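This chain uses plain numbering: 1 for the first residue, then up along the sequence. What you see is a predicted model, and the numbers here were worked out from it, not measured in a lab.
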Amino acid sequence: MSEFHNEHEPVYILAVETSCDETSVAVVKDGNVVLSNLIASQIETHKAFGGVVPEVASRKHVENITLMLEEAVKKAGIGLQDISAVAVTQGPGLVGALLVGVVAATSLAMALNKPLIGTHHIAGHIYANRLVAHLEYPCMALVVSGGHTELVYMKSEGSFEVIGRTRDDAVGEAYDKVARAIGFPYPGGPHVDRLALEAEEAIELPRVWLEPDSYDFSFSGLKSAVLNVVNQRKMRGEPPMEGAIARGFQESVVEVLVTKAIRAVKAYDAKQLLLCGGVAANRGLRGELERQCREQGIELIIPPFGYCTDNAAMIGAAAYLKWKERKFTSLDMKAMPQFSLEEWSVQA
């Protein structure tokens with residue numbers, strides 16, 4: 001491995017993200033300046049199957065990764081030898097998809113004699129906020145994505161404590177299943193969000209709070225309640241009322257997410273609330289969080305839409321935490337589809 005970087009020179013991290021169905025490569029300078037961030041989406045490919053097919057996703061990553069590595073470095077305006085380290089999503093995610101990125105990043109780090117930084121996908125989503133704002137600690141992160149719904153307390157930079165998580169469906173999964181039930185294609189979240197905002201009435205649906213002091217979530221019962229409404233209306237020959245169902249579903253999801261997040265911020269005396277993950281692009285959730293945080297004097301940070309979904313710039317931002325501590329990863333790194341966020345913590 002090359003000698004340690006001169007601390008007075010800029011740090012260029014080449015980052016790779018292939019955890020699911022987006023191939024992304026970015027170059028991030030000093031942890032928060034994005035010089036390039038290329039994303040190849042596979043949505044149109046997987047739409048025909050009604051969801052992500054892991055084998056197809058892996059194949060698409062293989063097709064895209066080499067050219068995207070070259071283009072990301074070129075677009076950043078630097079040379080390969082200017083790179084300080086290579087970062088890659090080590091997990092969680094689809095194991096075949098992760099392996100494509102891990103092999104590509106490991107090979108490049110070895111060829112360039114540069115440090116390798118295996119990076120946690122959810123840490124990336126959280127630190128996407130650092131690309132647009134200064135983070136103050138302690139802070140609280142509400143992570144909402146296709147596969148994860150979590151409340152994460154960060155006492156200090158790079159310290160992660162998961163205080164609440166979903167016990168069944170993640171919120172993104174629930175959105176996709178509800179969208180399918182009312183007749184929309186994958187990915188269903190944007191369709192449900194649009195319908196909910198346009199609807200003039202809402203069908204009342206349950207809120208699942210769990211135990212009084214719990215920060216955990218559960219959405220499978222709400223999903224089942226939506227299916228019951230859809231099926232009952234069909235059996236009675238009544239109009240489907242997709243808009244009212246979408247609005248009722250979204251109001252239930254948003255109320256539970258926002259209420260628990262704000263309660264956690266107050267209980268842990270957090271200075272900021274960070275919204276992270278693909279569902280952070282949901283306009284209903286963003287709008288209600290902004291309203292309630294404004295009323296209660298809580299500083300809310302939400303990344304722009306382009307940094308909400310899976311992207312490599314967020315991986316570069318998170319990897320910078322490990323770079324500063326010189327905590328690099330062995331070149332025999334393995335993909336970890338069940339990677340623990342707390343295990344990845346930089347600070348104890």
Side-chain angles (χ1 to χ4, degrees), residues 1-7 9-19 23-38 61 65 68-69 72-73 76 78 80-93 95 97-131 135 154 156-160 276 307 310-348:
M1 185 177 295
S2 60
E3 293 183 2
F4 281 154
H5 190 88
N6 185 326
E7 62 181 16
E9 294 178 354
V11 175
Y12 298 108
I13 294 180
L14 176 63
V16 177
E17 154 61 29
T18 62
S19 64
T23 313
S24 184
V25 182
V27 176
V28 180
K29 176 184 172 184
D30 296 335
N32 62 354
V33 179
V34 181
L35 301 183
S36 62
N37 187 34
L38 307 183
H61 290 313
I65 191 69
M68 292 184 70
L69 283 165
V73 173
I78 63 172
L80 278 173
Q81 285 302 328
D82 296 321
I83 292 167
S84 309
V86 180
V88 62
T89 302
Q90 187 175 5
V95 64
L98 290 168
L99 277 169
V100 177
V102 166
V103 170
T106 302
S107 302
L108 186 59
M110 187 181 299
L112 296 176
N113 196 30
K114 302 289 184 177
L116 178 67
I117 305 174
T119 307
H120 197 283
H121 181 73
I122 299 303
H125 275 305
I126 292 171
Y127 275 87
N129 287 280
R130 191 175 179 272
L131 297 172
L135 304 189
M154 290 182 289
S156 59
E157 183 177 74
S159 170
F160 306 98
C276 331
Y307 292 145
D310 293 351
N311 67 91
M314 71 183 195
I315 300 304
Y320 187 69
L321 303 175
K322 295 276 187 176
W323 167 270
K324 289 196 296 183
E325 299 294 323
R326 298 298 192 265
K327 292 187 176 180
F328 303 134
T329 311
S330 168
L331 290 173
D332 63 358
M333 176 182 75
K334 295 177 174 61
M336 298 176 65
Q338 304 297 325
F339 203 5
S340 160
L341 177 60
E342 291 164 325
E343 180 186 338
W344 192 81
S345 289
V346 178
Q347 305 291 342

What pairs with A15 under side-chain contact (heavy atoms from CB on, under 4.5 Å), at least two apart in sequence or on another chain? A87, A312, I315
Treating T18 as the side-chain partner and A97 as the backbone partner, does any N or O pair qualify as donor plus acceptor under 3.5 Å? yes
Any side-chain heavy-atom pair from E342 and S159 closer than 4.5 angstrom? no
Inter-residue atom distance I83.CD1 - K114.NZ, 0.5 Å rounding: 7.5 Å
Would you say Y127 and M154 make side-chain contact, with heavy atoms under 4.5 Å? yes
Look up atom CG in L135 and atom CG in N129, then write down how far apart they are to the nearest 0.5 Å. 6.5 Å
Any side-chain heavy-atom pair from V73 and I78 closer than 4.5 angstrom? yes
Of all residues at least two apart in sequence or in a different chain, which pass the side-chain hydrogen bond (donor to acceptor under 3.5 Å, both in side chains) check with T119? none
Can you list the steps and then say if I122 with F160 is a side-chain contact (heavy atoms from CB on, under 4.5 Å)? CA-CA 10 Å; I122 299 303; F160 306 98; over 6 Å; no
In Å and rounded to the nearest 0.5 Å, what is the CG to CE distance from L116 to M333? 4.5 Å
Applying side-chain hydrogen bond (donor to acceptor under 3.5 Å, both in side chains), can you list everything that pairs with E157, at least two apart in sequence or on another chain? K324
Quick one: are R130 and Y320 in side-chain contact, heavy atoms under 4.5 Å? yes
Quick one: side-chain hydrogen bond (donor to acceptor under 3.5 Å, both in side chains) partners of D310, sequence neighbours excluded? H121, H125
What distance separates L14 CG from L112 CG, expressed to the nearest 0.5 Å? 8.5 Å
With sequence neighbours left out, the residues meeting side-chain contact (heavy atoms from CB on, under 4.5 Å) with E343 are M336, F339, S340
Excluding sequence neighbours, so at least two apart, what forms salt bridge (charged side-chain N to carboxylate O under 4.0 Å, His left out) with K334? none
Pairing residues for L99 by the side-chain contact (heavy atoms from CB on, under 4.5 Å) criterion, not counting sequence neighbours: V95, A335
Got a list of side-chain donor-acceptor pairs under 3.5 Å for residues 26-38, not counting sequence neighbours?
from	atom 1	to	atom 2	distance (Å)
D30	OD1	V11	N	2.8
S36	OG	V27	N	3.3
S36	OG	A72	O	2.8
N37	OD1	A313	N	3.1

